[in-house]
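Read through the structure below, which is laid out as C-alpha cells, and then see the notes.
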Amino acid sequence: MTPNAAALETAGPVVERMEETDLIRAVQHGDRDAFELLVRKHDQSVLRLAMNLLRSPEDARDAYQEAFLRVYKNIHLFRFDCSFHTWLYRIATNICLDHLRKRKIRREEPAVVDTLDGQINRLDLAEEERPSADPERSFRNRQLKAKIAEALRQLTPRERVVFELRHNRGMRLRAIGATLGTSEEAAKNCLFRATQKMRGVLGDYV
Amino acid sequence: MTCESIVPRLSLYLYGELPGEEEEQLEAHLEGCAVCRKEFATRKAVLRAIDMDQPEIPETLLTECRMELRETIARAASLRNPPRTLPRNWGWLAETFGALGGWFGGFRVPVAASALIAVGFFGARLTAPAPGVPPRPAEPAALMSAVRSVETTADGRVQIALDETRRRTVTGAISDAGIRALLLAALREEADPGVRMESMDLLKAQSVSSREVREALIGALIHDPDETIRLKAFEGLKQSGSDAGTRKAMLYALTADQNSGLRVQAIDMLTGQQDRELVGVWQALLEREQDPYIRMRCRKELQAMNASVGTF
C-alpha cells in the first residue's frame, strides 16, 4: 500500500461518514462523488486480486477499469440481497476468469522466452537485477519462483481464482461459492485440486 | 482415520475448513503418525512459499487506475448530461466547457478526449436547428464539430449527429455573474492547467464572499492534478478556514495530498484548536506520516489535549 493510499484510508472515515448503504443508494441516484468514495473503499483490494491472479500490471489495470465500469453501469441492478463486496468480487473475479481463460487459449504467459542470449525465464529477470550477498540462496529463490509460476500455470482458471480467494483474500469457502455462483462443495473441490497440484510441483523444492 | 483419508483433508485443515469433529480426528492421527506429520509440514511449507511470491503492485498503479476510471466516467457522463443552467444570455457559452459538474466530483474532461472534426460552415448547413430554437447568426469564429453518430435513413439519405463548439470572446468584470460562471467552469473542467491557474488567480480572493467560489476552490484542492493549483486553492481557502466544508477539505488534503508542503500548510491551519473530534486523525497521522514536522505538530496537539500518542 502506498503512503498516499494509506492516508486516504485514514481520511475516509473522517472526511466522509456515509454508510456504505447510503453511498450505494446515492450512486444509484447518479451521484458520481458517492461512486468515487465507493470505489476508494474497495479498489485496493480489487487491484490486489487482479494483480495476484493476472500477474501483470497492464492486465490488472484493464481488469480494474472493466470491473468498476461494470459496477457503475449496473449499480441500479444491485438489490442489497448480498453484500456489495460479494457483488463487486463476483464482477471482478468473472473478469479475471475471462482474462485467464483467454490467456489459456492464446497460450500467453510463457515463463521461458527466447532471447538473443538464449532462453530466459521471465520470472528470474527481476531477481537477477538485484545483486545478492548469497548467490546460492539467490539461485534457490529463483528456482522456487519459477516452480511457483509452473504450479500456478497448472491450475485451471477456476482453481486459480478459488485458491486466490481462499489463500490470499482469506475468504471462507461458503463466501467463495456465493461469489462465483457455485456451491461451497464445488469451491472446496476446486481448492483441494489446486492444493494437490501445487503440492505435486513444489513439494520437493520447499 | 487412516493415512489415505488424512491426505486429502490436510489442506482443508490448514485453511480451517474442516468440520470440528473431523478436525479433532485429524489432529489425533497426526500426533501418532510421523509420515502424515511430514506430509503436513510439506504442505504447510508449500503454502508459505507461495505467500512469499506475491507480485508487487507498482506504486503509481492505483492512482493511475483511479484517474483513468474518473476520466472514462466523466466522458460518459458529459455526453449524457446537458449543461446546467447558466444566467440568462450565457447559456450558450456553457457548451464551450461541457457539463458543469459538482465540485466534489470534479471529474475533468480532457479537451482532446473526443476526436474533433473541423467542418466549418459545412457542418452548420447540414444540421437543422431544433424546433423552437431560433437559428444562430453566422459566426466569424471557427466552428468545430465532433461526429457522434452516423445513420442511414429509410429514404437512403445519411443522418449525422454532431456536437458543435464555437469559439467566442467575452469581456466583463469579475463581479459579472456570467464571467464568474465561466471562470468557475474553467477551473473545474478545463484540461489546460494554465487556464485553470489564471482562473484560480482571479477567483481565489472571493472564497469568503462567494460560496460557489469556495466550493470550486475546495474541488480544486481535492481533485486538481496540478500541485501548484492545489496550493493556490489552499491559499484562497485560508481566509474561510472557519467554514466546515473548508476544514473538511483541508483535513482531506492533510491526510491524502502527496505534496508535503501543502500538508504542512494544512497542519498549521488545523492544529492549535484542540478539536476532540480530530484525536483519531492526529493519532493515525502520527503513525503513518513521513514528514517529521507534521508528526511533531500532531504529537503536540495530542499532548495539549492530554490524549494518547503512543497506543492506538
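Every chain is numbered from 1 and lettered A, B, ... according to where its sequence line falls, protein lines coming before strand lines.
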Fill in the blank from the handout: So, the part of Arg174(A) with a heavy atom under 4.5 Å from chain B: the answer is neither
Exercise for the section: Can you tell which part of Tyr205(A) gets under 4.5 Å to a heavy atom of chain B, answering side chain, backbone, both or neither? Expected result: neither
Exercise for the section: Could you look at Leu12(B) and say if it's the side chain, the backbone, both or neither that has a heavy atom under 4.5 Å from chain A? Expected result: side chain
Practice task
Evaluate the ring planes of Phe68(A) and Phe35(A), with Trp represented by its six-membered ring, and classify them as parallel (under 30°), tilted (30 to 60°) or perpendicular (over 60°).
Solution key: perpendicular
Problem - Region of Asn168(A) in contact with chain B, defined by heavy-atom distances below 4.5 Å - result: side chain
Practice task
Give the ring-plane orientation class for Phe40(B) versus Tyr13(B), where under 30° counts as parallel, over 60° as perpendicular and anything between as tilted.
Solution key: tilted
Practice task
Mind ranking Leu47(B), Val7(B), Thr72(B) by heavy-atom pairs under 4.5 Å with chain A and telling me who comes out on top?
Solution key: Leu47(B)
Practice task
Specify which of Gln196(A), Arg48(A), Met198(A) makes the most heavy-atom pairs with chain B at under 4.5 Å.
Solution key: Arg48(A)
Practice task
Report the C-alpha separation of Arg101(A) and Asp98(A) in whole Å, then their side-chain angles, then the decisive distance to 0.1 Å, and conclude whether the salt bridge (Lys or Arg N to Asp or Glu O under 4.0 Å) test is met.
Solution key: CA-CA 5 Å; Arg101(A) 284 175 185 139; Asp98(A) 285 347; 3.8 Å; yes
Practice task
Measure Leu144(A) against the heavy atoms of chain B and call it side chain, backbone, both or neither at under 4.5 Å.
Solution key: side chain
Problem - Exercise: do Thr271(B) and Arg297(B) side chains pair donor with acceptor under 3.5 Å - result: yes
Practice task
Using non-hydrogen atoms and a 4.5 Å limit, figure out which bit of Leu202(A) sits close to chain B: side chain, backbone, both or neither.
Solution key: both
Problem - CE (Met67(B)) with more than 12 external heavy atoms under 6.0 Å - result: no
Exercise for the section: Answer yes or no: is there an ion pair linking Glu184(A) with Lys188(A), defined by an N-O contact shorter than 4.0 Å? Expected result: no
Completion exercise
Applying a strict 4.5 Å limit to non-hydrogen atoms, the region of Leu191(A) in contact with chain B is side chain
Exercise for the section: Describe, in one word, how the ring planes of Phe163(A) and His167(A) are oriented to each other, choosing from parallel (under 30°), tilted (30 to 60°) and perpendicular (over 60°). Expected result: parallel
